[in-house]
Amino acid sequence: MSTSGQPQFRYTQTPSKVLHLRNLPWECIEEELVELCKPFGKIVNTKCNVGANRNQAFVEFADLNQAISMVSYYASSSEPAQVRGKTVYIQYSNRHEIVNNKSPGDVPGNVLLVTIEGVEAGDVSIDVIHLVFSAFGFVHKIATFEKAAGFQALIQFTDAETAASARNALDGRRHVGSCHLRISYSAHTDLNIKFQSHRSRDYTNPYLPVNPTAIEGIMQPTVGPDGKKKEPESNVLLASIENMQYAVTVDVLHTVFSAFGTVQKIAIFEKNGGTQALVQYPDVTTAAVAKESLEGHCIYDGGYCKLHLSYSRHTDLNVKAFSDKSRDYTIPETGYVVPQATRAPSAPTVWTNPRSAQMFPGSDYATAAVQAQVPQGQVPAWDPTGQVSRSTFASVPSTFPGQTFSPTSPAYATAVIPPGSSSIALTGPVSPLQANMRPGDASPPGQPPFYG
DNA sequence: AGCACA
């Protein structure tokens, strides 16, 4: 049922709510399209930067008559439609709706997400990136990171126009040096750069400290007495969860790792088809104890959810305060700063900056970073269990009839095991976790009584 | 200057 055949010409095209605009200036952004078209009706969708030259666009009106009025107007007008002084040619699109308009990277903004293909992270210095992108305007900040897609950088300009000009000039099949750049927009408006380092810069703040992360790139891997590579210690543990037959939630991890001290932040993510988590303690000592105690142990009996722990290179996670995959227990508004009684290390949490940029390896940084923009304390709409809201903790037991745990159960006491104690055998007959949680429960294992 | 995209 093909309708192929004659190419359609202007005069024979059937009207459509969707207009096709061409000969647009490269810099043309959605706002300019709207300015041009909105006198004729309500615009329900747009798509700009279309075509090989990115100089075409589509505009969809709410009503067919509005599109007709615009085409009619300019058909008889002595002044052509213009964007920034450039004549724009308008005709009915041969489609009747704009599809797939808003892929996230197409929403213009002042921050670009740049993927540099075919290079190792170490091959491109941040200074080169800065140089290249400075050609289009003042570069405020740069954050680089690695993910599966390759080496990426977030580049913050003053405004969307500047960012667009850089994108238009560099995106696509162009090569800068030998690098292949793919550029889209980030949802960020303001990157939060904590340190000047080999992977991030804030050019608006020359006094920003150069910090440990900067040293990481230089630091040689330390070698232990056995000659094996020994990872530097950290207050953040990287946990790989093996044989994950049961859901491992933030709350489950919080319960497990809180046995050794205050857990500040947790982030769960997927890597290489497996599940990993970053768990942040206030200090290295606590992390070390937790690491030694939990390494190789299983969260659930029967070899399920076996933990493998290493030190993360990170010292401060910035996680979305409250999501199904992450939690920041240091944000006061969430009511999560729970001193672990006698166990709480008193180390000052000077590095704890809830608003700092989020970076953790192996995760989808772009996604995570977007999440970081969610206002603190905001409970995401996505909350399948309804359990993670602070206000519901008190009612957790009643929410799960048939679940036998009680918030005042002494079982909690057994969850707090002296650091270094050899009795930490999660797979043992009296696994502290068994008393608290049921494998397969999507619900948190319950919170200590102080929530009630 | 002539119709997107995943």
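Everything numeric in this text was worked out from a predicted model, so none of it was measured. Chain naming here is simple, since letters A, B, ... match the order of the sequence lines and numbering starts at 1 in each.
- Following rounding to the nearest Å, A/His20 (NE2) and B/dA4 (C1') show an atom-to-atom distance of 8 Å.
- Side chain A/Gln56 to base B/dG2: no donor-acceptor pair is found below 3.5 Å.
- Regarding A/Arg22, its CZ atom lies at a distance of 9 Å from the P atom of B/dA1, rounded to whole Å.
- The distance between atom CD1 of A/Ile98 and atom P of B/dC3, rounded to the nearest whole Å, is 16 Å.
- Protein atom CG of A/Asn49 is 11 Å distant from nucleotide atom P of B/dC5, rounded to whole Å.
- Note on A/Glu60: nothing from the nucleic acid sits closer than 4.0 angstrom, heavy atoms only.
- Ionic pairing of A/Asp251 and A/Arg327 is present here: one or more N-O contacts between side-chain nitrogen and carboxylate oxygen are shorter than 4.0 angstrom.
- Distance CD (A/Gln82) to P (B/dA1): 14 Å, rounded to an integer number of Å.
- For A/His314 and A/Ser234, the side-chain atoms include no donor-acceptor pair closer than 3.5 Å.
- Looking at the side chain of A/Lys47, the nearest of the listed nucleotides B/dC5, B/dA1, B/dC3 is B/dC5.
- Contact annotation: A/Arg95 side-chain N/O to B/dA4 OP1/OP2 distance is under 4.0 Å.
- Looking only at distances, no side-chain donor or acceptor of A/Gln152 sits under 3.5 Å from a matching main-chain atom of A/Phe145.
- Straight-line distance from the CZ atom of A/Phe58 to the C1' atom of B/dA1: 13 Å, rounded to whole Å.
- As a whole-Å value, the separation of A/Leu33 CG from B/dA4 P is 16 Å.
- A salt bridge is absent between A/Lys17 and A/Glu97: the closest approach of a Lys/Arg side-chain nitrogen to an acidic carboxylate oxygen does not fall below 4.0 angstrom.
- When each of B/dC3, B/dC5, B/dA1 is scored by its nearest atom to the side-chain atoms of A/Tyr89, the top-ranked nucleotide is B/dA1.
- With A/Asp202 contributing its side chain and A/Ile193 its backbone, the two residues share no donor-acceptor pair below 3.5 Å.
- Straight-line distance from the CG atom of A/Asn55 to the C1' atom of B/dA1: 8 Å, rounded to whole Å.
- For A/Val50 and A/Lys86, each mapped to the nucleotide of DNA chain B holding its nearest heavy atom, the one lying further toward the 5' end belongs to A/Lys86.
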